[in-house]
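A quick write-up on the structure given underneath.
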Amino acid sequence: SNASIDVSGNNLKCYEECWDQAYGKSLKSGDLSICAPTSYPTSQPSAPTFKPTNIYKSEASFLLIQFTYVISALLFVTLSFFICRKVNSKESDIKSIRNKALYSLPIHRHILDKKSISELLQVLRNESPTIVHRDYDGNNVIDLALKYKLNNGIVSEILKLLLSMQLNERVLSDHFKYAWVRVIQSDAYIESVRYILEVYFTLSRELSDCLDENGRSAVNIASPLCRQAIKESLYFLRRYDFGNNIYPTHVSDTSIIYMATDTLCNDENNKRVAIKFISNKDSYVNEIRSRAELSTDSDSI
């Protein structure tokens with residue numbers, strides 16, 4: 001390949017022969033346009049393929065590139081510094097806003113500060129209106145309670161307070177439904193779920209059919225233990241399922257009979273039972289006495 005050579009000295013060496021004689025001028029004049037070096041001596045000068053490189057021009061280009069790299073690095077470091085400073089400033093502002101918001105949310109603040117259970121219960125009862133408010137990050141009290149895994153006593157109190165704030169006792173509020181469908185998805189809060197189902201047993205159907213934001217009913221998205229508790233709350237004596245039998249099978253002056261399914265019976269042939277409700281005590285006593293006198297054979301009873 002072609003190469004650059006220095007012709008400033010007096011000891012110019014070249015593989016080509018008789019350059020001066022062939023072209024009538026010396027290579028030392030600086031005009032290298034006729035010089036095309038080859039890998040071995042030739043009898044005739046070979047035609048040049050390109051103009052030789054000026055070594056001084058190459059060094060200047062190299063220095064210019066190095067200078068560009070240095071400037072680019074300085075600009076990058078400076079820009080990174082200002083970006084980091086801006087991000088830190090924004091985070092500081094957010095933290096300040098978050099802390100200011102917590103001053104008006106005492107329940108949130110007590111949970112985040114990990115106060116004792118007794119203190120938290122006290123502030124829950126005293127500051128109950130703020131239980132449905134959300135903090136800067138969009139969390140309400142039940143979100144924080146579940147996030148920090150507070151005990152069943154705290155969660156039960158939150159649910160009870162939410163139920164007590166309802167305008168219509170037969171219609172669950174959106175705030176309560178939001179909390180309920182989250183609590184029932186963890187077996188860790190089975191005690192809270194049982195407590196609500198027992199205290200508010202008249203709302204068993206509403207609690208079971210409560211929908212989450214995706215339209216799924218509570219009983220379908222509940223954890224195994226919570227699902228069982230919800231289903232039991234729908235059964236008479238936590239055992240007998242009346243299903244859709246809203247009308248009695250038999251009605252008399254002193255009694256009503258409903259057909260039901262015994263959910264605890266493993267014998268499929270005997271799962272269907274008749275539940276008789278008697279309004280008169282004397283009639284009830286007579287019923288019990290007469291059945292006791294019958295044969296113990298299941299078909300007779």
Side-chain angles (χ1 to χ4, degrees), residues 152-153 155-164 166 168-172 176-177 179-212 216-301:
N152 277 273
V155 173
S156 297
E157 187 67 20
I158 294 172
L159 292 173
K160 186 173 72 173
L161 288 171
L162 287 170
L163 276 173
S164 67
Q166 294 182 177
N168 187 326
E169 62 179 13
R170 300 301 303 178
V171 179
L172 300 177
F176 175 80
K177 288 190 288 186
W180 178 248
V181 296
R182 279 158 179 76
V183 171
I184 62 171
Q185 294 185 56
S186 172
D187 280 342
Y189 295 106
I190 181 60
E191 295 304 321
S192 297
V193 172
R194 285 174 177 162
Y195 171 81
I196 294 299
L197 291 171
E198 289 176 4
V199 175
Y200 300 93
F201 65 91
T202 58
L203 294 173
S204 294
R205 180 57 62 183
E206 287 80 1
L207 293 170
S208 172
D209 296 340
C210 175
L211 302 179
D212 69 356
R216 301 172 299 176
S217 63
V219 71
N220 289 331
I221 64 173
S223 62
L225 290 179
C226 293
R227 181 183 297 112
Q228 182 61 31
I230 293 173
K231 286 183 176 181
E232 288 178 355
S233 72
L234 300 174
Y235 303 151
F236 176 61
L237 299 178
R238 296 188 177 278
R239 177 171 180 172
Y240 301 103
D241 180 13
F242 291 111
N244 297 322
N245 299 325
I246 61 175
Y247 299 108
T249 303
H250 172 77
V251 178
S252 69
D253 293 338
T254 59
S255 67
I256 299 177
I257 297 178
Y258 281 93
M259 298 304 296
T261 300
D262 186 352
T263 61
L264 299 184
C265 179
N266 295 322
D267 185 354
E268 292 295 330
N269 295 325
N270 293 312
K271 289 180 74 71
R272 292 292 291 171
V273 297
I275 307 295
K276 188 173 184 178
F277 299 92
I278 302 174
S279 61
N280 182 277
K281 183 178 180 180
D282 291 336
S283 298
Y284 172 77
V285 172
N286 291 332
E287 182 83 18
I288 297 299
R289 184 182 299 115
S290 63
R291 289 187 177 276
E293 295 173 354
L294 294 174
S295 168
T296 57
D297 182 72
S298 60
D299 291 337
S300 299
I301 296 175

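Just so it is clear, the model here is predicted, and its values are computed rather than measured.
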Can I get a per-line list of side-chain donor-acceptor pairs under 3.5 Å for residues 217-226, giving both atom names and the distance, sequence neighbours left out?
residue: S217; atom: OG; partner: N220; partner atom: ND2; Å: 2.7
residue: S223; atom: OG; partner: I184; partner atom: O; Å: 3.4
residue: S223; atom: OG; partner: D187; partner atom: N; Å: 3.3
residue: S223; atom: OG; partner: D187; partner atom: OD1; Å: 2.5

Can you list every salt bridge (charged side-chain N to carboxylate O under 4.0 Å, His left out) pair that touches [range], not counting sequence neighbours?
range            : answer
residues 266-281 : K276-E287
residues 239-259 : R239-D262
residues 194-204 : E191-R194, E198-R238

Side chain to side chain donor-acceptor pair (under 3.5 Å) against [X], all qualifying residues, sequence neighbours excluded:
X    : value
T249 : none
T263 : none
S279 : none

Mind checking the CD-CG spacing from E157 to L162? Nearest 0.5 Å is all I need.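 One gets 10.5 Å once the value is rounded to the nearest 0.5 Å.
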What distance do Y195 atom OH and L159 atom CG have between them, rounded to the nearest 0.5 Å?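 Separation between the atoms: 10.0 Å.
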F176: what forms a ring-ring contact (aromatic ring centres under 6.0 Å, His included) with it, not counting sequence neighbours?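 With neighbours one apart ignored, the set is W180.
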Mind checking what makes ring-ring contact (aromatic ring centres under 6.0 Å, His included) contact with Y284, not counting sequence neighbours?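 Y284 satisfies ring-ring contact (aromatic ring centres under 6.0 Å, His included) with no other residue.
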For a quick test of reading the model, state the closest non-hydrogen atom pair linking N286 to R289 and the distance between them.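 The answer is OD1-NH1, 3.0 Å.
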L197 versus S233, closest heavy-atom pair with distance: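 Closest heavy-atom pair between L197 and S233: CD2-OG, 3.7 Å.
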For residues 252-280, pull every pair meeting ring pair (Phe, Tyr, Trp, His ring centres under 6.0 Å), keeping only residues two or more places apart or in separate chains.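 Passing the test, one end in residues 252-280: F236-F277, F242-Y258.
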Apply side chain to side chain contact (heavy atoms under 4.5 Å, CB included) to Y200 and list each qualifying residue two or more places apart in sequence or on a separate chain.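 Side chain to side chain contact (heavy atoms under 4.5 Å, CB included) check on Y200 returns K160, L163, I196, L203.
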Apply salt bridge (Lys or Arg N to Asp or Glu O under 4.0 Å) to R227 and list each qualifying residue two or more places apart in sequence or on a separate chain.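 R227: no salt bridge (Lys or Arg N to Asp or Glu O under 4.0 Å) contacts found.
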Kindly say whether F201 contributes a backbone atom to a donor-acceptor pair with the side chain of S204 at under 3.5 angstrom?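 Confirmed, S204 side chain pairs with F201 backbone.
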Would you check if I230 and L207 make a side-chain contact, meaning some heavy-atom pair closer than 4.5 Å?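 No - every pair of side-chain heavy atoms lies 4.5 Å or more apart.
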